[in-house]
Engineer: 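My questions all concern the structure below.
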There are 2 protein chains.
Amino acid sequence: MAKVSDSFVSNSKVYLEILKQLREMITDDGLKQGDKIPSERELSERLNVGRSSVREALRALELLGLIETRRGEGTYLRDFRGNQLVQLLSTFILQDEKAKLDVFETKNFIEMDGLRLALKRMDRLNIAAVKDWVTESEGFQDDEFFYQIFEAADNHLFFKIWEILKDYYHSLSSSPVEYKREDYLYLLDAMADKDEMKVFLAYGQLRKLSSV
Amino acid sequence: MAKVSDSFVSNSKVYLEILKQLREMITDDGLKQGDKIPSERELSERLNVGRSSVREALRALELLGLIETRRGEGTYLRDFRGNQLVQLLSTFILQDEKAKLDVFETKNFIEMDGLRLALKRMDRLNIAAVKDWVTESEGFQDDEFFYQIFEAADNHLFFKIWEILKDYYHSLSSSPVEYKREDYLYLLDAMADKDEMKVFLAYGQLRKLSSV
DNA sequence: AGACATGTGTGGTCTGACCACCAATGTTAA
DNA sequence: TTAACATTGGTGGTCAGACCACACATGTCT
(Lines give C-alpha, C1' and ligand atoms only; values in the text may rest on other atoms or scores of the structure.)
Protein backbone atom coordinates (compact mmCIF):
# COMPACT_ATOMS: atom_id res chain seq x y z
CA MET A 1 0.00 0.00 0.00
CA ALA A 2 1.18 3.48 -0.75
CA LYS A 3 2.28 5.40 2.25
CA VAL A 4 0.80 8.79 2.77
CA SER A 5 4.23 10.27 2.79
CA ASP A 6 4.83 9.00 -0.73
CA SER A 7 2.27 11.32 -2.19
CA PHE A 8 3.93 14.53 -1.20
CA VAL A 9 7.61 14.27 -1.55
CA SER A 10 7.75 17.97 -2.19
CA ASN A 11 5.01 19.22 0.11
CA SER A 12 6.29 17.55 3.24
CA LYS A 13 4.04 18.05 6.24
CA VAL A 14 2.39 14.75 6.96
CA TYR A 15 -0.22 16.28 9.17
CA LEU A 16 -1.59 18.36 6.32
CA GLU A 17 -2.02 15.26 4.24
CA ILE A 18 -3.78 13.64 7.14
CA LEU A 19 -6.21 16.53 7.25
CA LYS A 20 -6.90 15.99 3.59
CA GLN A 21 -7.48 12.31 4.10
CA LEU A 22 -9.77 13.07 6.99
CA ARG A 23 -11.87 15.39 4.87
CA GLU A 24 -12.26 12.72 2.24
CA MET A 25 -13.06 10.17 4.86
CA ILE A 26 -15.74 12.40 6.29
CA THR A 27 -17.41 13.13 2.98
CA ASP A 28 -17.08 9.60 1.62
CA ASP A 29 -18.49 7.98 4.71
CA GLY A 30 -21.04 10.72 5.09
CA LEU A 31 -20.09 11.50 8.64
CA LYS A 32 -22.07 14.19 10.37
CA GLN A 33 -21.71 16.13 13.56
CA GLY A 34 -21.73 13.92 16.58
CA ASP A 35 -20.39 10.95 14.68
CA LYS A 36 -17.28 9.22 15.85
CA ILE A 37 -14.15 9.17 13.77
CA PRO A 38 -11.60 6.38 13.84
CA SER A 39 -9.25 6.23 16.79
CA GLU A 40 -5.82 7.77 16.61
CA ARG A 41 -4.20 4.38 16.52
CA GLU A 42 -6.42 3.16 13.74
CA LEU A 43 -5.83 6.27 11.64
CA SER A 44 -2.14 5.92 12.24
CA GLU A 45 -2.30 2.38 10.95
CA ARG A 46 -4.62 2.97 8.02
CA LEU A 47 -2.62 5.92 6.74
CA ASN A 48 0.78 4.47 7.50
CA VAL A 49 1.86 7.39 9.60
CA GLY A 50 2.95 7.78 13.14
CA ARG A 51 0.38 8.35 15.80
CA SER A 52 2.04 11.61 16.78
CA SER A 53 1.43 12.97 13.30
CA VAL A 54 -2.19 11.99 13.53
CA ARG A 55 -2.40 13.77 16.82
CA GLU A 56 -0.89 16.95 15.41
CA ALA A 57 -3.62 17.00 12.81
CA LEU A 58 -6.34 16.31 15.33
CA ARG A 59 -5.10 18.90 17.80
CA ALA A 60 -5.25 21.52 15.10
CA LEU A 61 -8.80 20.55 14.25
CA GLU A 62 -9.69 20.60 17.89
CA LEU A 63 -8.39 24.11 18.30
CA LEU A 64 -10.55 25.11 15.37
CA GLY A 65 -13.50 23.62 17.16
CA LEU A 66 -14.17 21.14 14.41
CA ILE A 67 -13.76 18.05 16.52
CA GLU A 68 -14.15 17.14 20.13
CA THR A 69 -12.06 14.56 21.92
CA ARG A 70 -13.18 12.67 24.95
CA ARG A 71 -10.54 10.75 26.79
CA GLY A 72 -11.37 7.13 27.15
CA GLU A 73 -14.08 7.38 24.52
CA GLY A 74 -12.90 8.74 21.26
CA THR A 75 -12.98 11.67 18.89
CA TYR A 76 -16.20 13.11 17.54
CA LEU A 77 -17.21 15.59 14.90
CA ARG A 78 -18.59 18.76 16.32
CA ASP A 79 -21.25 21.25 15.46
CA PHE A 80 -19.67 23.24 12.70
CA ARG A 81 -21.89 26.25 12.70
CA GLY A 82 -20.54 29.68 13.19
CA ASN A 83 -17.75 28.23 15.23
CA GLN A 84 -14.61 29.54 16.78
CA LEU A 85 -13.92 31.91 13.98
CA VAL A 86 -14.81 34.80 16.14
CA GLN A 87 -13.46 33.33 19.29
CA LEU A 88 -10.06 33.18 17.76
CA LEU A 89 -10.39 36.74 16.71
CA SER A 90 -10.84 37.75 20.28
CA THR A 91 -7.92 35.84 21.65
CA PHE A 92 -5.34 36.71 19.09
CA ILE A 93 -6.39 39.65 17.03
CA LEU A 94 -8.22 41.68 19.56
CA GLN A 95 -5.13 42.40 21.59
CA ASP A 96 -5.10 45.84 20.13
CA GLU A 97 -5.08 48.62 22.68
CA LYS A 98 -7.28 51.19 21.04
CA ALA A 99 -9.72 48.39 20.51
CA LYS A 100 -11.64 49.15 23.64
CA LEU A 101 -13.63 51.92 22.10
CA ASP A 102 -14.13 49.82 19.03
CA VAL A 103 -15.50 47.02 21.12
CA PHE A 104 -18.04 49.29 22.71
CA GLU A 105 -19.12 50.70 19.40
CA THR A 106 -19.16 47.39 17.63
CA LYS A 107 -21.17 45.74 20.34
CA ASN A 108 -23.82 48.40 20.07
CA PHE A 109 -24.05 48.05 16.34
CA ILE A 110 -24.22 44.30 16.52
CA GLU A 111 -26.98 44.54 19.06
CA MET A 112 -28.90 46.85 16.79
CA ASP A 113 -28.45 44.40 13.98
CA GLY A 114 -29.82 41.74 16.24
CA LEU A 115 -32.80 43.92 16.93
CA ARG A 116 -33.35 44.44 13.21
CA LEU A 117 -33.35 40.74 12.56
CA ALA A 118 -35.51 40.01 15.52
CA LEU A 119 -37.88 42.69 14.40
CA LYS A 120 -38.29 40.89 11.11
CA ARG A 121 -38.68 37.47 12.63
CA MET A 122 -40.66 37.87 15.79
CA ASP A 123 -44.42 37.86 15.81
CA ARG A 124 -46.67 39.36 18.41
CA LEU A 125 -46.73 36.16 20.40
CA ASN A 126 -42.97 36.00 20.69
CA ILE A 127 -42.74 39.60 21.68
CA ALA A 128 -45.45 39.19 24.24
CA ALA A 129 -43.62 36.22 25.70
CA VAL A 130 -40.42 38.18 26.10
CA LYS A 131 -42.37 41.04 27.54
CA ASP A 132 -43.89 38.80 30.14
CA TRP A 133 -40.47 37.48 30.97
CA VAL A 134 -39.03 40.97 31.41
CA THR A 135 -41.91 41.90 33.64
CA GLU A 136 -41.94 38.86 35.81
CA SER A 137 -38.42 37.50 35.98
CA GLU A 138 -36.63 38.08 39.23
CA GLY A 139 -32.99 38.40 38.35
CA PHE A 140 -33.44 40.36 35.19
CA GLN A 141 -30.25 40.79 33.22
CA ASP A 142 -29.40 42.83 30.20
CA ASP A 143 -27.49 39.90 28.76
CA GLU A 144 -30.46 37.63 29.16
CA PHE A 145 -32.58 40.02 27.23
CA PHE A 146 -30.27 40.06 24.26
CA TYR A 147 -29.84 36.34 24.40
CA GLN A 148 -33.51 36.15 23.64
CA ILE A 149 -33.22 38.79 20.97
CA PHE A 150 -30.53 36.88 19.18
CA GLU A 151 -32.37 33.65 19.55
CA ALA A 152 -35.28 35.26 17.80
CA ALA A 153 -32.92 36.73 15.22
CA ASP A 154 -32.12 33.14 14.25
CA ASN A 155 -28.60 33.78 13.07
CA HIS A 156 -26.12 31.64 14.88
CA LEU A 157 -23.12 33.48 13.57
CA PHE A 158 -24.43 36.83 14.68
CA PHE A 159 -25.14 35.37 18.05
CA LYS A 160 -21.61 34.09 18.36
CA ILE A 161 -20.12 37.41 17.46
CA TRP A 162 -22.29 39.19 19.95
CA GLU A 163 -21.48 36.71 22.66
CA ILE A 164 -17.78 37.27 22.27
CA LEU A 165 -18.15 41.02 22.21
CA LYS A 166 -20.32 40.93 25.27
CA ASP A 167 -17.81 38.88 27.22
CA TYR A 168 -14.97 41.03 26.08
CA TYR A 169 -16.88 44.14 26.95
CA HIS A 170 -17.61 42.87 30.42
CA SER A 171 -13.96 42.15 30.95
CA LEU A 172 -13.09 45.69 29.94
CA SER A 173 -15.72 47.69 31.68
CA SER A 174 -16.20 47.24 35.37
CA SER A 175 -19.08 49.62 35.72
CA PRO A 176 -22.18 47.71 36.72
CA VAL A 177 -25.01 49.15 34.71
CA GLU A 178 -28.43 49.67 36.10
CA TYR A 179 -31.22 48.08 34.21
CA LYS A 180 -34.55 49.77 34.00
CA ARG A 181 -37.28 47.39 33.12
CA GLU A 182 -39.39 50.07 31.52
CA ASP A 183 -36.71 50.76 28.93
CA TYR A 184 -36.86 47.19 27.73
CA LEU A 185 -40.60 47.15 27.78
CA TYR A 186 -40.69 50.31 25.75
CA LEU A 187 -38.31 48.74 23.27
CA LEU A 188 -40.50 45.68 23.00
CA ASP A 189 -43.53 47.85 22.41
CA ALA A 190 -41.69 49.51 19.59
CA MET A 191 -40.93 46.12 18.14
CA ALA A 192 -44.52 45.09 18.41
CA ASP A 193 -45.38 48.22 16.45
CA LYS A 194 -42.78 47.26 13.83
CA ASP A 195 -41.47 50.75 14.21
CA GLU A 196 -37.76 50.52 13.55
CA MET A 197 -37.07 54.14 14.31
CA LYS A 198 -38.78 53.85 17.63
CA VAL A 199 -36.85 50.67 18.37
CA PHE A 200 -33.55 52.40 17.99
CA LEU A 201 -34.61 55.37 20.02
CA ALA A 202 -35.53 52.94 22.75
CA TYR A 203 -32.21 51.18 22.38
CA GLY A 204 -30.35 54.45 22.58
CA GLN A 205 -32.10 55.28 25.79
CA LEU A 206 -31.35 51.82 27.09
CA ARG A 207 -27.66 52.28 26.48
CA LYS A 208 -27.75 55.93 27.44
CA LEU A 209 -26.36 56.93 24.08
CA SER A 210 -26.55 60.55 23.07
CA SER A 211 -27.03 59.53 19.49
CA VAL A 212 -26.96 56.29 17.64
CA MET B 1 10.30 24.88 39.06
CA ALA B 2 6.64 24.28 38.72
CA LYS B 3 5.72 22.05 35.87
CA VAL B 4 3.14 23.30 33.45
CA SER B 5 1.07 20.26 34.13
CA ASP B 6 0.84 21.17 37.80
CA SER B 7 -1.25 24.20 37.10
CA PHE B 8 -4.14 22.41 35.52
CA VAL B 9 -4.83 19.22 37.27
CA SER B 10 -8.45 19.48 36.33
CA ASN B 11 -8.17 21.12 32.93
CA SER B 12 -5.83 18.58 31.40
CA LYS B 13 -4.73 19.41 27.88
CA VAL B 14 -1.10 20.35 28.09
CA TYR B 15 -1.07 21.83 24.64
CA LEU B 16 -3.67 24.41 25.58
CA GLU B 17 -1.55 25.52 28.48
CA ILE B 18 1.38 25.77 26.14
CA LEU B 19 -0.62 28.04 23.89
CA LYS B 20 -1.33 30.23 26.87
CA GLN B 21 2.32 30.34 27.83
CA LEU B 22 3.22 31.19 24.29
CA ARG B 23 0.82 34.10 24.25
CA GLU B 24 2.32 35.45 27.44
CA MET B 25 5.79 34.91 26.13
CA ILE B 26 4.93 36.83 23.00
CA THR B 27 3.44 39.78 24.81
CA ASP B 28 6.03 39.87 27.59
CA ASP B 29 8.96 39.73 25.24
CA GLY B 30 7.23 42.03 22.80
CA LEU B 31 7.65 39.69 19.89
CA LYS B 32 6.30 40.87 16.59
CA GLN B 33 5.65 39.27 13.27
CA GLY B 34 8.76 37.88 11.73
CA ASP B 35 10.44 37.33 15.06
CA LYS B 36 11.72 33.91 15.97
CA ILE B 37 10.27 32.00 18.85
CA PRO B 38 12.22 29.48 20.93
CA SER B 39 12.88 26.10 19.41
CA GLU B 40 10.64 23.17 20.15
CA ARG B 41 13.27 21.55 22.30
CA GLU B 42 13.87 24.68 24.30
CA LEU B 43 10.16 25.22 24.87
CA SER B 44 9.83 21.61 25.88
CA GLU B 45 12.57 22.10 28.43
CA ARG B 46 11.51 25.50 29.73
CA LEU B 47 7.92 24.41 30.23
CA ASN B 48 8.71 20.94 31.47
CA VAL B 49 6.59 19.22 28.88
CA GLY B 50 7.30 16.72 26.18
CA ARG B 51 8.36 17.95 22.82
CA SER B 52 5.41 16.26 21.19
CA SER B 53 3.04 18.34 23.27
CA VAL B 54 4.85 21.46 22.20
CA ARG B 55 4.53 20.36 18.64
CA GLU B 56 0.80 19.79 18.98
CA ALA B 57 0.43 23.36 20.10
CA LEU B 58 2.64 24.68 17.34
CA ARG B 59 0.91 22.66 14.64
CA ALA B 60 -2.40 24.13 15.68
CA LEU B 61 -1.00 27.63 15.49
CA GLU B 62 0.54 26.86 12.15
CA LEU B 63 -2.74 25.67 10.76
CA LEU B 64 -4.25 28.91 11.89
CA GLY B 65 -1.54 30.74 10.03
CA LEU B 66 -0.25 32.40 13.17
CA ILE B 67 3.22 30.97 12.92
CA GLU B 68 5.46 29.71 10.18
CA THR B 69 7.94 26.90 10.57
CA ARG B 70 11.03 26.47 8.47
CA ARG B 71 12.81 23.20 8.74
CA GLY B 72 16.40 23.58 9.72
CA GLU B 73 15.85 27.16 10.75
CA GLY B 74 13.15 27.63 13.31
CA THR B 75 9.66 28.88 13.98
CA TYR B 76 8.60 32.43 13.30
CA LEU B 77 5.64 34.61 14.09
CA ARG B 78 3.51 35.47 11.15
CA ASP B 79 1.20 38.25 10.22
CA PHE B 80 -1.82 37.67 12.37
CA ARG B 81 -4.33 38.68 9.78
CA GLY B 82 -6.93 36.02 10.16
CA ASN B 83 -7.75 34.10 7.02
CA GLN B 84 -6.13 30.72 6.53
CA LEU B 85 -8.58 29.76 9.12
CA VAL B 86 -11.35 30.69 6.79
CA GLN B 87 -10.18 28.45 4.03
CA LEU B 88 -9.93 25.55 6.38
CA LEU B 89 -13.27 26.07 7.92
CA SER B 90 -14.88 26.36 4.56
CA THR B 91 -13.50 23.10 3.33
CA PHE B 92 -14.96 21.40 6.33
CA ILE B 93 -18.19 23.24 6.46
CA LEU B 94 -19.53 23.05 2.96
CA GLN B 95 -22.35 21.00 4.35
CA ASP B 96 -24.47 23.21 6.49
CA GLU B 97 -26.72 25.34 4.34
CA LYS B 98 -28.03 27.38 7.18
CA ALA B 99 -24.51 28.36 8.11
CA LYS B 100 -23.98 29.74 4.65
CA LEU B 101 -27.08 31.82 4.87
CA ASP B 102 -25.95 33.13 8.21
CA VAL B 103 -22.64 34.18 6.73
CA PHE B 104 -24.34 35.90 3.85
CA GLU B 105 -26.77 37.72 6.08
CA THR B 106 -24.20 38.67 8.66
CA LYS B 107 -21.84 40.02 6.06
CA ASN B 108 -24.54 42.25 4.67
CA PHE B 109 -25.44 43.61 8.04
CA ILE B 110 -21.85 44.25 8.94
CA GLU B 111 -21.36 46.08 5.69
CA MET B 112 -24.35 48.23 6.40
CA ASP B 113 -22.95 49.00 9.81
CA GLY B 114 -19.75 50.00 8.14
CA LEU B 115 -21.70 52.31 5.89
CA ARG B 116 -23.43 53.85 8.89
CA LEU B 117 -20.14 54.57 10.58
CA ALA B 118 -18.56 55.85 7.43
CA LEU B 119 -21.56 58.06 6.88
CA LYS B 120 -20.94 59.66 10.23
CA ARG B 121 -17.23 60.05 9.78
CA MET B 122 -16.65 60.96 6.17
CA ASP B 123 -16.75 64.49 4.97
CA ARG B 124 -17.39 65.64 1.45
CA LEU B 125 -13.73 65.54 0.59
CA ASN B 126 -13.37 61.94 1.59
CA ILE B 127 -16.43 60.93 -0.29
CA ALA B 128 -15.30 62.80 -3.36
CA ALA B 129 -11.96 61.04 -3.19
CA VAL B 130 -13.56 57.63 -3.08
CA LYS B 131 -15.86 58.63 -5.87
CA ASP B 132 -12.94 59.59 -8.04
CA TRP B 133 -11.30 56.31 -7.28
CA VAL B 134 -14.40 54.33 -8.25
CA THR B 135 -14.65 56.25 -11.47
CA GLU B 136 -11.06 56.03 -12.50
CA SER B 137 -9.61 52.85 -11.09
CA GLU B 138 -9.00 50.14 -13.61
CA GLY B 139 -9.50 46.90 -11.76
CA PHE B 140 -12.39 48.01 -9.65
CA GLN B 141 -13.34 45.52 -7.00
CA ASP B 142 -16.22 45.32 -4.61
CA ASP B 143 -13.85 44.34 -1.81
CA GLU B 144 -11.67 47.34 -2.45
CA PHE B 145 -14.64 49.60 -2.13
CA PHE B 146 -15.56 48.27 1.27
CA TYR B 147 -12.00 48.35 2.39
CA GLN B 148 -12.19 52.07 1.94
CA ILE B 149 -15.54 52.23 3.64
CA PHE B 150 -14.24 50.46 6.68
CA GLU B 151 -11.14 52.55 6.72
CA ALA B 152 -13.33 55.59 6.86
CA ALA B 153 -15.47 53.94 9.48
CA ASP B 154 -12.37 53.95 11.66
CA ASN B 155 -13.24 50.89 13.66
CA HIS B 156 -10.53 48.32 13.47
CA LEU B 157 -12.57 45.61 15.08
CA PHE B 158 -15.43 46.03 12.69
CA PHE B 159 -12.98 45.91 9.86
CA LYS B 160 -11.47 42.67 11.11
CA ILE B 161 -14.82 41.03 11.46
CA TRP B 162 -15.81 42.11 8.01
CA GLU B 163 -12.55 40.88 6.54
CA ILE B 164 -13.07 37.44 7.96
CA LEU B 165 -16.63 37.30 6.80
CA LYS B 166 -15.67 38.47 3.37
CA ASP B 167 -13.05 35.77 2.97
CA TYR B 168 -15.39 33.26 4.39
CA TYR B 169 -18.08 34.32 2.01
CA HIS B 170 -15.78 34.14 -0.97
CA SER B 171 -14.76 30.66 -0.08
CA LEU B 172 -18.36 29.57 0.10
CA SER B 173 -19.77 31.19 -2.97
CA SER B 174 -18.06 30.72 -6.25
CA SER B 175 -20.32 32.99 -8.23
CA PRO B 176 -18.36 35.89 -9.60
CA VAL B 177 -20.47 38.95 -9.11
CA GLU B 178 -20.68 41.70 -11.63
CA TYR B 179 -19.89 45.13 -10.35
CA LYS B 180 -21.69 48.11 -11.74
CA ARG B 181 -19.81 51.27 -11.10
CA GLU B 182 -22.93 53.37 -11.14
CA ASP B 183 -24.36 51.51 -8.18
CA TYR B 184 -21.39 52.52 -6.09
CA LEU B 185 -21.46 56.04 -7.33
CA TYR B 186 -25.12 56.29 -6.48
CA LEU B 187 -24.37 54.99 -3.02
CA LEU B 188 -21.65 57.57 -2.56
CA ASP B 189 -24.00 60.30 -3.65
CA ALA B 190 -26.44 59.16 -1.04
CA MET B 191 -23.68 59.35 1.53
CA ALA B 192 -22.76 62.82 0.44
CA ASP B 193 -26.40 63.76 0.99
CA LYS B 194 -26.23 62.22 4.46
CA ASP B 195 -29.37 60.37 3.52
CA GLU B 196 -29.21 57.11 5.38
CA MET B 197 -32.36 55.71 3.86
CA LYS B 198 -31.07 56.38 0.40
CA VAL B 199 -27.75 54.79 1.30
CA PHE B 200 -29.38 51.55 2.20
CA LEU B 201 -31.57 51.52 -0.84
CA ALA B 202 -28.41 51.91 -2.87
CA TYR B 203 -26.74 49.13 -0.94
CA GLY B 204 -29.71 46.87 -1.47
CA GLN B 205 -29.48 47.44 -5.18
CA LEU B 206 -25.77 46.83 -5.08
CA ARG B 207 -26.29 43.47 -3.47
CA LYS B 208 -29.43 42.78 -5.39
CA LEU B 209 -31.45 42.33 -2.26
CA SER B 210 -35.18 42.34 -2.46
CA SER B 211 -35.38 43.95 0.93
CA VAL B 212 -32.84 44.85 3.52
C1' DA C 1 39.97 34.01 -2.41
C1' DG C 2 37.24 30.44 -3.56
C1' DA C 3 35.40 25.79 -3.13
C1' DC C 4 34.56 22.17 -0.22
C1' DA C 5 33.79 19.50 4.21
C1' DT C 6 32.06 19.40 8.74
C1' DG C 7 29.48 20.33 12.85
C1' DT C 8 25.59 22.00 15.17
C1' DG C 9 20.96 23.27 15.64
C1' DT C 10 16.37 23.04 13.85
C1' DG C 11 11.97 21.10 12.42
C1' DG C 12 9.69 16.40 10.80
C1' DT C 13 8.57 11.86 11.89
C1' DC C 14 8.20 7.42 14.02
C1' DT C 15 8.15 4.10 17.83
C1' DG C 16 7.26 2.37 22.19
C1' DA C 17 6.06 3.07 26.62
C1' DC C 18 3.19 4.65 30.39
C1' DC C 19 -0.93 6.92 32.47
C1' DA C 20 -5.96 8.25 33.17
C1' DC C 21 -10.26 7.43 31.84
C1' DC C 22 -14.54 5.16 30.12
C1' DA C 23 -17.61 1.58 28.91
C1' DA C 24 -18.81 -3.05 28.55
C1' DT C 25 -18.42 -7.37 30.58
C1' DG C 26 -17.96 -10.65 34.00
C1' DT C 27 -18.15 -11.80 38.89
C1' DT C 28 -19.59 -11.82 43.40
C1' DA C 29 -22.58 -11.00 47.29
C1' DA C 30 -27.08 -9.80 49.17
C1' DT D 1 -32.69 -12.42 40.69
C1' DT D 2 -30.51 -8.34 41.33
C1' DA D 3 -27.51 -5.02 42.86
C1' DA D 4 -22.76 -3.89 43.70
C1' DC D 5 -18.18 -4.71 42.56
C1' DA D 6 -13.94 -6.12 39.84
C1' DT D 7 -11.81 -6.97 35.46
C1' DT D 8 -10.52 -5.99 30.95
C1' DG D 9 -9.92 -3.76 26.58
C1' DG D 10 -10.02 0.39 24.03
C1' DT D 11 -9.26 5.35 23.90
C1' DG D 12 -7.03 9.79 24.35
C1' DG D 13 -2.86 12.27 26.90
C1' DT D 14 1.88 12.54 27.52
C1' DC D 15 6.62 11.60 27.45
C1' DA D 16 11.34 10.09 26.03
C1' DG D 17 14.36 8.74 22.64
C1' DA D 18 15.72 7.87 18.25
C1' DC D 19 16.41 8.93 13.36
C1' DC D 20 16.04 11.90 9.17
C1' DA D 21 16.30 16.17 6.16
C1' DC D 22 17.64 20.54 6.01
C1' DA D 23 19.96 25.29 6.81
C1' DC D 24 23.56 27.86 8.41
C1' DA D 25 28.02 28.99 10.28
C1' DT D 26 32.52 27.59 10.64
C1' DG D 27 36.64 25.51 9.47
C1' DT D 28 39.73 23.47 6.01
C1' DC D 29 41.99 22.63 1.90
C1' DT D 30 43.35 23.93 -2.71
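If you're wondering where the values come from, they're calculated on a predicted model, not measured in any experiment. Here is the naming used below: chain letters follow the sequence lines, and residue numbers restart at 1 for every chain.
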Engineer: Less than 4.0 angstrom between a side-chain N/O of B:Ser53 and OP1 or OP2 of D:dC15, yes or no?
Structural biologist: yes
Engineer: Measuring from the side chain of B:Arg71 (C-beta onward, heavy atoms only), which nucleotide among D:dC22, C:dT13, D:dC15 has the closest atom?
Structural biologist: D:dC22
Engineer: Please check the phosphate of C:dG12 (OP1 and OP2 only) for any side-chain N or O of B:Thr69 closer than 4.0 Å.
Structural biologist: yes
Engineer: To the nearest angstrom, how far is B:Ile67 atom CD1 from C:dT10 atom P?
Structural biologist: 15 Å
Engineer: Select from B:Arg41 and A:Val54 the residue whose nearest nucleotide in DNA chain C is closer to the 5' end of that strand.
Structural biologist: B:Arg41
Engineer: Less than 4.0 angstrom between a side-chain N/O of A:Arg59 and OP1 or OP2 of D:dG13, yes or no?
Structural biologist: yes
Engineer: Among the candidates C:dG12, C:dC22, D:dG13, find the nucleotide nearest to the side-chain atoms of B:Glu40.
Structural biologist: C:dG12
Engineer: Below 30° counts as parallel, above 60° as perpendicular, anything between as tilted: where do the rings of A:Tyr147 and A:Phe159 land?
Structural biologist: tilted
Engineer: What's A:Gly72 touching, base or sugar-phosphate or nothing? Going by heavy atoms closer than 4.0 Å.
Structural biologist: base
Engineer: Have a look at B:Ser39 and say if it touches a base, only the backbone sugar-phosphate, or nothing, with a 4.0 Å heavy-atom cut-off.
Structural biologist: sugar-phosphate
Engineer: Under the criterion salt bridge (charged side-chain N to carboxylate O under 4.0 Å, His left out), which of A:Glu56, A:Glu45, A:Glu40 is the partner of A:Arg51?
Structural biologist: A:Glu40
Engineer: Hey, what's the ring geometry for A:Tyr203 with A:Phe146, parallel, tilted or perpendicular (30° and 60° as the breaks)?
Structural biologist: perpendicular
Engineer: Tell me which nucleotide among C:dT10, D:dG12, C:dC14 gets nearest to the side chain of A:Val14.
Structural biologist: C:dC14
Engineer: Indicate, yes or no, whether a donor-acceptor pair under 3.5 Å links the base of D:dG13 to the side chain of A:Arg51.
Structural biologist: yes
Engineer: Tell me the interatomic distance from B:Glu73, atom CD, to C:dG11, atom C1', rounded to whole angstroms.
Structural biologist: 10 Å
Engineer: Between atom CD in A:Glu42 and atom P in D:dG10, what is the gap in whole Å?
Structural biologist: 12 Å
Engineer: Please verify the inter-ring angle class for A:Phe158 with B:Phe109; under 30° counts as parallel, over 60° as perpendicular, anything in between as tilted.
Structural biologist: perpendicular
Engineer: Among the candidates D:dA23, C:dG11, C:dA23, find the nucleotide nearest to the side-chain atoms of B:Thr75.
Structural biologist: C:dG11
Engineer: Atom CD of B:Glu68 to atom P of C:dG12: distance rounded to whole Å?
Structural biologist: 11 Å
Engineer: Can you measure A:Glu45 atom CD to C:dC14 atom C1' for me and round it to whole angstrom units?
Structural biologist: 14 Å
Engineer: Using atom CG of A:Leu16 as one end and atom P of C:dT13 as the other, report the distance to the nearest whole Å.
Structural biologist: 9 Å
Engineer: Rounding to a whole Å, what distance do you find between A:Leu43:CG and D:dG10:P?
Structural biologist: 16 Å
Engineer: Taking 4.0 Å as the cut-off, does a side-chain nitrogen or oxygen of B:Arg55 come that near to OP1 or OP2 on C:dG12?
Structural biologist: yes
Engineer: Does the distance from a Lys or Arg side-chain N to an Asp or Glu carboxylate O, for B:Glu105 and A:Arg121, drop under 4.0 Å?
Structural biologist: yes
Engineer: Could you tell me the separation between the CG atom of B:Leu19 and the C1' atom of D:dG13, rounded to a whole number of Å?
Structural biologist: 15 Å
